[in-house]
Number of protein chains: 2
Amino acid sequence: MSQTLDTVFAALADPTRRAILTMLLEDDMAVTDVADPFEMSLAAVSKHLVILSKAGLITQEKRGRVKWCKIEPNAMKEASVWMQSFGKFEELDMDAFERFLEAELEG
Amino acid sequence: MSQTLDTVFAALADPTRRAILTMLLEDDMAVTDVADPFEMSLAAVSKHLVILSKAGLITQEKRGRVKWCKIEPNAMKEASVWMQSFGKFEELDMDAFERFLEAELEG
DNA sequence: ATATTCGTCAACCAAATGGTTGAATATGCA
DNA sequence: TGCATATTCAACCATTTGGTTGACGAATAT
């Protein structure tokens, strides 16, 4: 039983958290800026960041009063490998994938 | 926002459900046989199968009084592609991966 | 010095999750 | 027919989840 898979998959199951990760692909961000596009309180987003942090999917570093969030893509490796064992997927349609990411961000 | 990603990742977040999927990699199985190795009621396992089913990760076909469960690896495609966008992972250590799958089954 | 900004904490809430048990349904067997 | 097997359903329960608000501490700006 892998606690890592539990926490990583659970973290990825929430659309807000996936949107946050997609945002962080662009650049490191402060907590306040991460929260900005969402229609929920800063405290709620802060909790999401804790969950992403515990799953290892992001790291946070405090500089001054600003806490910077950085994505840690390698934390997905175990989960990604796990999934890949379950099928040989067709090649990626990258255009479709881009559109999909757009939708995720708006979602 | 993708309801599919929500349900697939949520389904994979539970170790019992991942173990079920790993079992189904070997062969299609009846509900009773799926439930056998787990220390929980048949009803509980049945619920897990419903969740896997709704996520599209398995299909179930009733023949006689037996309901057969079949893994549908392609349902992981979208989620797998999503994850892969977040990093270029090092090459897989396949021995480690085998050991990991063993542990999952025992978990 | 004081006000403002950044972020978390604590208490609370509703809804979802993962489990239980016992009854119900449907099929197969003798 | 009558019994056993396969599976789900319904009601229930404890815990977790995802959100809220208001207060708070730490850092910055005026």
Side-chain angles (χ1 to χ4, degrees), chain A residues 1-24 27-55 57-71 104 107, chain B residues 1-21 23-24 27-71 104 107:
Chain A
M1 150 196 56
S2 166
Q3 211 254 312
T4 300
L5 286 180
D6 286 12
T7 57
V8 168
F9 281 131
L12 295 178
D14 184 277
T16 300
R17 289 192 290 265
R18 291 198 307 277
I20 290 172
L21 290 177
T22 305
M23 288 162 59
L24 291 177
D27 234 324
D28 298 357
M29 293 178 78
V31 173
T32 307
D33 295 331
V34 170
D36 200 52
F38 297 101
E39 286 177 349
M40 69 181 70
S41 68
L42 178 62
V45 172
S46 177
K47 282 189 189 177
H48 281 303
L49 291 171
V50 168
I51 290 169
L52 288 170
S53 218
K54 284 188 175 161
L57 292 165
I58 66 167
T59 50
Q60 292 179 293
E61 184 198 354
K62 195 167 181 184
R63 283 203 296 275
R65 63 180 167 183
V66 175
K67 204 166 181 179
W68 293 92
C69 305
K70 178 179 169 48
I71 193 169
E104 272 295 310
Chain B
M1 150 195 59
S2 166
Q3 211 254 313
T4 300
L5 287 180
D6 285 13
T7 56
V8 168
F9 281 131
L12 295 178
D14 185 278
T16 299
R17 290 193 290 264
R18 290 198 307 276
I20 290 172
L21 290 177
M23 288 162 60
L24 291 176
D27 235 325
D28 298 357
M29 294 177 80
V31 173
T32 307
D33 294 332
V34 169
D36 200 52
F38 297 102
E39 287 178 347
M40 69 181 70
S41 68
L42 179 61
V45 172
S46 178
K47 282 190 189 177
H48 282 303
L49 291 171
V50 169
I51 291 170
L52 289 169
S53 217
K54 285 188 176 162
L57 292 165
I58 66 169
T59 49
Q60 293 179 292
E61 185 198 353
K62 194 168 179 182
R63 283 205 296 275
R65 62 181 164 179
V66 175
K67 206 164 180 182
W68 293 91
C69 305
K70 177 179 169 46
I71 193 169
E104 271 295 309

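Chain identifiers are assigned alphabetically (A, B, ...) following the order of the sequence lines, protein sequences preceding nucleic acid strands; residue numbering begins at 1 within each chain.
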Closest contact, heavy atoms only, B:I71 versus B:L24 | CG2-O, 3.8 Å
When rounded to whole Å, the CD to C1' distance for the pair B:E61 and D:dA6 reads 16 Å
Please report the shortest heavy-atom distance between B:T7 and B:T4, naming the atom on each side.
-> OG1-O, 3.1 Å
Report the distance from atom OG1 of B:T32 to atom CZ of B:R65, rounding to the nearest 0.5 Å.
-> 9.5 Å
Closest contact, heavy atoms only, A:A55 versus A:A11 | CB-CB, 3.9 Å
Rounded to 10°, tell me the angle between the two end axes of the helix from C:dG7-D:dC24 to C:dA30-D:dT1, each built from five pairs.
-> 30°
Integer-rounded Å distance: C:dG18 P and B:I20 CD1 | 11 Å
CG (B:L49) and CD (B:Q60) are apart, to the nearest 0.5 Å, by 5.5 Å
Looking at side-chain heavy atoms only, is the closest gap between B:V50 and B:K54 below 4.5 Å?
-> yes
How long is the line joining CG of B:D6 and P of D:dT17, in whole Å?
-> 15 Å
What residues 40-55 of chain A contributes to the DNA chain D interface at heavy-atom separation below 4.0 Å is A:M40, A:S41, A:A43, A:A44, A:K47, A:H48, A:I51
Under 4.0 Å protein heavy-atom contacts per nucleotide of nucleotides 24-30 of chain D, with B for base, S for backbone only and - for none | ---BB--
Measure the shortest side-chain to side-chain distance between B:D6 and A:P15 over non-hydrogen atoms and say whether it is less than 4.5 angstrom.
-> yes
Please report, rounded to the nearest Å, how far the P atom of C:dG18 is from the CD atom of B:E39.
-> 18 Å
Nearest-0.5 Å distance, OG1 of residue B:T16 to CE of residue B:M40 = 3.5 Å
With respect to the side chain of B:T32, which nucleotide from D:dA6, C:dG7, D:dG18 is positioned closest?
-> D:dA6
Could you state the atom-to-atom distance from CZ of B:F38 to P of C:dG19 in whole Å?
-> 10 Å
Whole-Å distance separating the CH2 atom of B:W68 from the P atom of D:dT8 | 14 Å
For B:R17 and B:L12, indicate whether the former's side chain and the latter's backbone hold a donor-acceptor pair under 3.5 Å.
-> no
Please give, in whole Å, the distance from C:dT8 C1' to A:Q60 CD?
-> 11 Å
Rounded off to whole Å, could you give me the CG-to-C1' distance for the A:D14 and C:dA15 pair?
-> 14 Å
Would you indicate whether the side-chain heavy atoms of B:F9 and A:R18 approach each other to under 4.5 Å?
-> yes
Nearest non-hydrogen partners of B:V34 and B:M23, listed with the distance | O-CE, 3.5 Å
